[in-house]
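The structure appears right after this line, and notes come after that.
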Amino acid sequence: MNPNEFSSPQSTPVSTPDSRESNRLETPIRFLKGVGPKRATFLERIGIKTVEDLFYHLPRTYQDLTEICPITKLTETDLQLVCGTVDKVRFRRLRGRRSMVEVLVSDESDSLLAVWFNQPYMRDKFSPEDKVLLSGKPTHDKGQWKMTNPQIQELVEEENSPRSAHPILPVYPLTEGLTTPAMHRAVKYALQTYSHDFREILPTSFLESNHLVSIPEAFHTVHFPLKMSDADASRYRIVFEEFLLIQLALLLRRGSTKQFRTAPQLQNSPKIDTRIRRLFEFEFTDSQNKVIQDICADLAAGYPMSRLLQGDVGSGKTAVAVYALLLSVAHQYQAVLMAPTEILALQHWNTLQNYLLNSRVRPLLLTGSLSSSQRQDALKSIQAGDIDLVIGTQAVIQKDVTFNRLGLVVIDEQHKFGVQQRASFRTAGNDPHYLVMSATPIPRTLCMTLFGDLDISTIDHSPPGRKKVKTFLIESTKEQSCWEFVRRKIQEGRQAYVVCPLIGNSNGPSINPPVTEETSDQGSNVLDMYNQLQQNDLSDMSIGLLHGRMDDHEKTNTMKDFRSGAIQVLVCTTVIEVGVDIPNASIMLIHNACSFGLSQLHQLRGRVGRGSHTGHCFLFPGTDNTDSIERLEVLTHTGDGFAIAEADFEMRGSGDILGTRQHGVANLRAGNLLRDQKILLHARKCAQNLLENDPSLKTPAFQHLRQAVLKRYGHVMQLADLG
């Protein structure tokens, strides 16, 4: 494959015989018949800006009109579907502020009373003679069938009976201002006018061998199926194509890197290995040694390594990364370790300072807090080759940073950076090797999408002696005894973290993730908690404050005082989530724990129990919600970060699990990584088979597929500069 054959659509526009027609799908939604500017505003709220977006707004479920039950044949307790006409609508005030909306609905056999309590807005949803579907569990009392709080769906005129041309009706995710009938009409107009503009990008032989319907048929049928099996097959086809494009883009990026880019060949040897290992005061575990072998093989291969190193809290990822950095330096190449925050960069700097006490390696710390003159001196030293190893934040990828002979880049907390940031160092000259680390174990499906262009190594065993952190859920009635325990431990010489999700009620947005009204009580922000502990609970203790809005100098001094023991209790936000290593800090209290994801809580508690003392983590839920509390109980039962990540993924999906900034890689329009794992595996296998037989997709039969990959991911995945 020619390195220049894959080019981004931004640099070389894709020209196809039917590109003019296909652009019609990008017609703004306001120009679709029956939509107009006002309704377009509502549609845009749910991400529908073009006609194509409307097609990809797939139904969340369906109403099967063939299962409609006549009112006279209803049975109690079973979930059933009724279709009828609205006869009367009545609103009643009850005692206090309570209210009730009653709607009498009748069919040819009988009538049913639908009732909604404390939902006064429901009266505005009905008018006499409306055709509606009601779904719920009916009861029979005093000769009258009744449904309490049923699900409702208004029907358009031609869809008011099981004999309709569309016996299965789509139910869409909506927003205020949009109705189901309006959405039905919009989709119908779009299908009538634009469905033929969808180009089939897969050859017939491929569709047949993989039992897939064509894309025009899929969009018609997924929105208005004649039977549920057709709807399922159509949705499978649409999601499959979306996943196939992602997998091809990731594999093309990965394959092109190995085929057409060169990097320094950094061979390991027994002599170099001995020199590096003697800098560590411990023996590497078998799991660490296996990962080191993988990394050394990549560094010696002559093409840029692109490897993800993942492992649980305290598994020894940093030590493995330092080994790789020193291997690069041993060959007289510069190396870089980039962290997402200055606190983490400083932590790495301190760790490396200890490792390099008996070494001639010349390190440099490069962060945004350097003065102008300090930064200029640092840049000159880096460019001149007087620095071997640079530790820093995103300051190391600014345009004015030029490396003399860059061999390896290690990026810590990979999910804090995007795909494009990962490749920023390539502008500095020859391609370096890349090792990216994640302390958050990553579910398998996310590995195949967000990090599918990387080889993956996993440290699956922690170093011997690493203690499990004891984790407890604290009920409100037991908070005082918890604080008494904390006081005793501090008096014994231990230190504690008190973590809150917010900085202050008056200081704007929350720290990741957002906190709801349910959990945003006074104790959930660090400023209130800091004042409370100083004045009441721990008034005789030395208490420090740390959050993201402090300047870098304040953060550095605070962490220095906490590390030295001058601060006994550190009240903080999630800025201490990763990398912070204070062996004497054995206690952590997390307020409003329900506002965090499980993986994030696991990372937070990984800051304690890092020394000789048993770690204790106390979770204050901040809510009485049973589901939320059950979710937190996972942490009290296991310390396995991989099991926790999978549980978090199953409970919350992929959106919040990593806080990813992948610049469009994970922006799925139809697929769901949790629900559609089977489809993803199918697409991954097909992508691998296609590229094994046709590495550049040059076969004429796959030209449309190739162009679709470039249009969707050419710029995002930087396929242009990967050849």
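The analysis underlying the following values was restricted to heavy atoms, covering all of them including side chains, and did not include hydrogens, waters or symmetry mates.
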Just do the side chain to side chain contact (heavy atoms under 4.5 Å, CB included) check on Met147 and Leu112 with the steps written out, would you? CA-CA 7 Å; Met147 279 187 182; Leu112 176 144; 4.0 Å; yes
At their closest point, which heavy atom of [X] faces which heavy atom of [Y], and how far apart are they?
X: Val115; Y: Pro150; result: O-CD, 4.0 Å
X: Glu241; Y: Tyr56; result: OE2-OH, 4.3 Å
X: Phe240; Y: Ala683; result: CE1-CA, 3.6 Å
X: Trp145; Y: Glu76; result: CZ3-CG, 3.8 Å
X: Val222; Y: Pro59; result: O-CG, 3.5 Å

Check the pair Leu673 / Leu680 against side chain to side chain contact (heavy atoms under 4.5 Å, CB included), numbers first and verdict last. CA-CA 8 Å; Leu673 293 178; Leu680 176 60; 4.1 Å; yes
Pair Glu52, Lys711 - check salt bridge (charged side-chain N to carboxylate O under 4.0 Å, His left out), show working. CA-CA 14 Å; Glu52 185 176 41; Lys711 180 180 179 181; 5.6 Å; no
State, yes or no, whether a side-chain contact exists between [X] and [Y] at a heavy-atom distance under 4.5 Å.
X: Ile201; Y: Ile215; value: no
X: Val35; Y: Tyr189; value: no
X: Ile46; Y: Pro173; value: no
X: Leu248; Y: Leu705; value: yes
X: Leu94; Y: Phe117; value: yes
X: Ser195; Y: Pro216; value: no
X: Asn210; Y: His682; value: yes
X: Val132; Y: Ile152; value: no

Among side-chain atoms of Asp648 and Gln600, is any donor-acceptor pair under 3.5 angstrom? no
Can you find a side-chain donor-acceptor pair between Thr139 and Asp141 that sits under 3.5 Å? no
Counting only heavy atoms from other residues, nucleotides and ligands, does the tally under 6.0 Å from CD of Gln151 exceed 12? no
Step through the shown structure and confirm whether more than 12 heavy atoms of other residues, nucleotides or ligands are within 6.0 Å of NE2 on His196. no
In Å and rounded to the nearest 0.5 Å, what is the [atom1] to [atom2] distance from [X] to [Y]?
X: Asp230; Y: His220; atom1: CG; atom2: NE2; answer: 13.5 Å
X: Leu252; Y: Gln247; atom1: CG; atom2: CD; answer: 11.0 Å
X: Arg30; Y: Thr50; atom1: CZ; atom2: OG1; answer: 11.5 Å

Can you list the residues that meet the side chain to side chain donor-acceptor pair (under 3.5 Å) rule with Tyr172, with sequence neighbours excluded? His223
Using modelled atom types only, decide if a donor and an acceptor are shared between the side chain of [X] and the backbone of [Y] within a distance under 3.5 Å.
X: Asn592; Y: Ser595; answer: no
X: Ser234; Y: Ala231; answer: no
X: Thr41; Y: Pro37; answer: yes
X: Ser127; Y: Asp130; answer: no

Show your reasoning for whether side chain to side chain contact (heavy atoms under 4.5 Å, CB included) applies to Leu58 and Arg669. CA-CA 9 Å; Leu58 304 187; Arg669 294 187 290 181; over 6 Å; no
Have a look at Arg237 and tell me which of Glu217, Glu200, Glu242 forms a salt bridge (charged side-chain N to carboxylate O under 4.0 Å, His left out) with it. Glu200
